[in-house]
Novice: 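Mind having a look at this structure? Questions to follow.
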Amino acid sequence: MRGLSLRNIWIVAKREYLERVRTRSFLASTFATPVLMSVLLLLPALIASSAARDLANQQPPPLRLVFASDNPGLAELARSQLLREDGAHYVVSIDPSLSNAEHDDLASRLDAAKIDGYVWLEDGALANPKIVFTTHRAGDAILHQRLSSALTYAFSAERLLQRGISVNDTASMLQRVDLRVVKAGHPPGVAELRGTIAVLLLVFVMFFSLLSYGVMVMRSVLEEKASRITEVLLCSTTAGELMSGKIIGTGSVAMTQIAVWFSIAAIGAARSPYVRAAVGELEAGVPLLIYFAIFYVLGFLLYSSIFAGVGAAFNSVDEAQQWNFVILLPLVAASGLILPVATSSDSMMAIAVSIFPFCAPVLMFERIAVHNPPAWQVALSIVAMLATIAASFYVCGRIYRVGILMYGKRPSLRELTRWYRHA
Amino acid sequence: MQPRVELVAVRKSYQGFVAVDDLTCSILPGQIFGLLGPNGAGKTSTIRMMIGITAPDSGIVRIFGAPLSRIAMHRVGYLPEERGLYRRMTVRDNLSFLGQLSGLSISTSAERIEGWTARLAIDEWLEHRVEELSKGMQQKIQFIAALLHDPDLIVMDEPFAGLDPMNSMQLKDILLELKTAGKTIVFSTHRMDQVEKLCDSICLVDRGKSVLQGNLKEIKAGYGSRFVQIDYDGDGRFLAESALIDSLNDYGNHAELSLKPGADSQELLRSAMSALNVRRFQVMEPSLEQIFIDHVTRK
C-alpha cells in the first residue's frame with residue numbers, strides 16, 4: 001500500500017500532542033523554566049541596579065578606603081578619579097604619612113573593620129608603579145579594576161603635570177575614549193551585549209529542546225513497542241504515517257513550549273524594564289525568530305527521524321542509550337563551538353561547521369544572529385539539511401517499519417542493514 | 001462466491017527461519033474460519049500477512065478480491081495476540097483514537113463507544129486510565145476496538161486467552177451474532193477445543209505448512225468412526241500393546257485412541273473387556289486436537 005494518509009498522520013500527531021501537553025512534567029518544565037531563567041538573568045541585574053536597592057530601601061554603607069601617600073597631589077588625583085567611576089560608592093580619605101607607625105595603625109584599623117582597605121603609595125611609586133592595596137575584600141574584582149584605573153589615571157596625570165602641562169590640558173589629554181559597538185543594520189542604541197546574551201539564550205534553547213524532544217520521540221516509539229500497541233495500529237495505518245505523526249506531534253509539543261517561553265518573555269519585556277534588559281533585542285528581532293523557527297523545525301525533523309529509527313530498533317531505553325550518544329555527538333560538538341563561532345563567525349571553520357547539516361540548526365542560526373552570513377551560505381545549509389532529512393526519513397523509516405514489530409534480542413549492525421534491505 | 005481472503009503460495013521467513021512455507025488457503029464470506037496449530041506453527045505470521053502488517057517474501061495475498069488497500073484496511077478488525085493499549089490514556093480516548101484511525105468520525109466513534117461499553121458492562125470505566133483496569137477488562141476494550149468500525153472481516157489471534165468462562169461465553173455469543181450478520185471471522189489459536197464448536201472451516205498449520213484444510217464437518221466425517229474413548233480401571237498397558245490401535249493418548253483411567261484403518265471397534269471392545277474393567281466405551285467423532293495429532297503423527 002503506497003502513499004501517506006494525511007488524515008491518519010493528523011490523528012496520530014493529535015494524540016501524541018494532547019497526551020504530552022497534558023502531562024504534569026510538560027506543565028512543570030514549561031512554566032518552571034522561565035521562572036528559573038528569570039531568576040538567573042534578573043538576579044545579577046537586580047543586585048547591580050541601584051534602583052533595585054532604592055526599592056528595597058537598603059542602601060549598603062559605602063566602602064571606606066585610605067590612600068596613604070606623601071604626595072598629596074597624586075593621592076587627590078586618584079581619589080577624585082575613583083569617585084568619578086560609574087556606580088562608585090566609596091568614602092576615600094588621604095593619609096599624608098608613610099611612617100611604619102602609620103602603616104601599623106592602618107593595619108589595625110583594617111582588622112578592627114574601621115576601614116575596608118588602604119593603598120600604600122610609597123616614595124618613588126611614580127618611577128616604579130607597583131602599588132599595594134591591602135584589604136579583606138580580595139575577591140571584589142570591580143573594586144580592583146576601578147582602583148587600577150583610577151591610579152593609572154592619577155599617575156599619568158601626575159607625570160604630565162610634572163612636565164609642566166596645565167591641569168586642564170592634562171584632563172583633556174587623559175579623557176577616556178567611549179567605544180560603542182553598533183551592529184550593522186541595527187539602529188544605534190540597541191544594547192549589543194544584551195543582544196548577544198539573548199542570541200546565546202536562543203541557541204541554548206534550541207540545543208536543549210532538540211536534545212530533549214528528540215529523545216522523547218525515541219521514548220514514545222519504545223513505549224508503543226513495550227505496550228504492544230504497534231500491531232493494533234499497523235492494522236489501520238502504515239508505519240510511515242505512524243512515524244510522521246509521532247514526529248509532528250512531538251515537534252508541536254516542543255514548539256508549543258518554546259512559544260509559551262517566548263510569550264512569557266514578550267509579556268515580561270513589555271511590563272518590566274529588567275526583563276526588557278535581559279531579553280535584549282528579542283522584541284525587535286522578528287526575522288531572527290523566523291530563522292529560529294526554520295532551523296528548529298529542520299533540526300527537529302533530522303534528529304527525531306533518527307531517534308524514531310533507533311527507538312524502533314531496540315526494546316528498551318537502556319538498550320538504546322549507547323546509540324543516543326552517537327546520535328547526539330554532532331549536537332554536543334556544536335554546543336562546544338557556540339562561543340568560538342560567536343567570536344570568529346566568518347572563519348573557514350565556522351562556515352564549514354555551520355553548513356554541516358547535523359550542526360547547522362545551532363551554528364548557522366547562531367551565525368545569522370551574530371554576523372549576517374552571506375545568503376548563499378544560509379541557503380546551502382538549508383538545502384543540505386533538507387537533503388539529509390530526506391535521506392534520514394528514507395533510511396530510518398525503513399528500519400522503523402521492520403523494527404517496530406521486532407522483539408527479543410538487540411539487533412546487530414548487520415541485522416539493521418538486513419532490516420533496511422528487506423523493508 | 002468471491003473469497004474474503006485468499007492466500008496463494010505465500011512464504012515468509014525471518015533471518016533464515018521459514019515461518020510460513022507455501023501456504024495456500026481461501027476464506028469465504030460469512031464463515032468462521034479457524035487457523036489452527038501449535039505454538040510457533042506460523043499462525044501469527046500468516047495473519048500479519050493477511051491483513052498487511054507484513055508483506056510476504058513471495059506469493060499473493062488478496063483481501064476482498066484485491067491486493068490490500070486503505071479502503072480494505074478499514075473493513076478489517078484485528079485483535080492481536082499481544083494485546084496493546086495506551087496504558088496512561090483513558091478507555092474512551094483509547095477507543096476514540098483507534099476508531100478514528102479505522103476511518104470513523106469523532107461523533108460516530110463516540111456513539112459506538114457508548115453502545116459497546118454498555119453492552120459489555122464496562123461503561124462506568126470509560127473515564128479511567130487503562131492501567132487501572134483488570135486484564136480481563138482490558139481484553140474487552142481491545143475486543144471493542146477491533147469491532148468498533150463494524151468491519152466485514154474480523155481477525156482474532158488467540159481471542160479467548162485470559163478470559164474467564166463468563167466473558168468467553170459473552171465473546172462467543174457476539175461472534176455468532178456477527179456471523180449471522182454476514183461478517184467473516186478468522187480465528188487463530190492453539191487451543192483447538194475452544195474453537196472447534198464455532199468454526200465452519202479450518203486450516204491446520206504445522207511448521208509453517210498447511211497440513212489439513214477444508215470444511216470442518218467434512219473433515220470429521222472423513223475420519224469415520226475410528227476414534228474411541230474408554231473409561232477403565234486396571235492395567236492400561238494392554239492398550240499400548242494392542243495391534244488394533246494406531247495412536248493412543250492414555251491418561252491412566254481414561255484413554256483416547258484412533259483405530260488402525262480397517263480395524264473393528266467391536267473387536268477392540270471385546271479384548272478390552274477381557275483385560276480391563278471397562279466403565280465406558282464410546283466410538284465418536286474425533287476432536288480437532290485428535291485430528292491434528294493423528295495427522296502430524298502419520299506424517
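Here is the naming used below: chain letters follow the sequence lines, and residue numbers restart at 1 for every chain.
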Novice: Which bit of B/Y14 comes within less than 4.5 Å of chain A, counting heavy atoms only: side chain, backbone, both or neither?
Specialist: side chain
Novice: Within a 6.0 Å radius of atom CH2 on A/W10, are there more than 12 heavy atoms belonging to other residues, nucleotides or ligands?
Specialist: no
Novice: Identify which part of A/S5 has an atom lying under 4.5 Å from any heavy atom of chain B, answering side chain, backbone, both or neither.
Specialist: both
Novice: For a 4.5 angstrom cut-off between non-hydrogen side-chain atoms, does B/R48 reach A/E231?
Specialist: yes
Novice: Please assess B/M89 against A/R15 for the test side chain to side chain contact (heavy atoms under 4.5 Å, CB included), listing each intermediate value before the final yes or no.
Specialist: CA-CA 10 Å; B/M89 272 167 73; A/R15 188 208 75 84; 3.1 Å; yes
Novice: Tell me the closest heavy-atom pair linking B/I51 and A/C235, and the distance in Å.
Specialist: CD1-SG, 4.0 Å
Novice: Select one option (side chain, backbone, both, neither) describing which atoms of B/T54 are under 4.5 Å from chain A's heavy atoms.
Specialist: side chain
Novice: So, applying side chain to side chain contact (heavy atoms under 4.5 Å, CB included) with B/F97, which one of A/L233, A/L18, A/I229 is it?
Specialist: A/L233
Novice: Would you compute the distance between atom OG1 of A/T238 and atom CE of B/M73 and round it to the nearest 0.5 angstrom?
Specialist: 7.0 Å
Novice: Could you tell me which portion of B/I106 (side chain, backbone, both or neither) has an atom closer than 4.5 angstrom to a non-hydrogen atom of chain A?
Specialist: side chain
Novice: Of all heavy-atom pairs between A/E19 and B/D93, which one has the smallest distance, and what is that distance?
Specialist: OE2-OD2, 4.4 Å
Novice: To the nearest 0.5 angstrom, please state how far the OG atom of A/S236 sits from the NE2 atom of B/H149.
Specialist: 6.0 Å
Novice: Hey, is CG on A/L6 packed in by over 12 heavy atoms from elsewhere, all under 6.0 Å?
Specialist: no
Novice: Taking C-beta and beyond as the side chain, do B/R87 and A/E223 meet within less than 4.5 Å on heavy atoms?
Specialist: no
Novice: Can you name the closest pair of heavy atoms from B/P80 and A/V232 and give their distance?
Specialist: CG-CG2, 3.5 Å
Novice: Counting only non-hydrogen atoms closer than 4.5 Å, does B/E81 touch chain A with its backbone (N, CA, C, O), its side chain (CB onward), both, or neither?
Specialist: neither
Novice: Answer yes or no: are there more than 12 heavy-atom neighbours, outside A/R219 itself, under 6.0 Å from its atom CZ?
Specialist: no
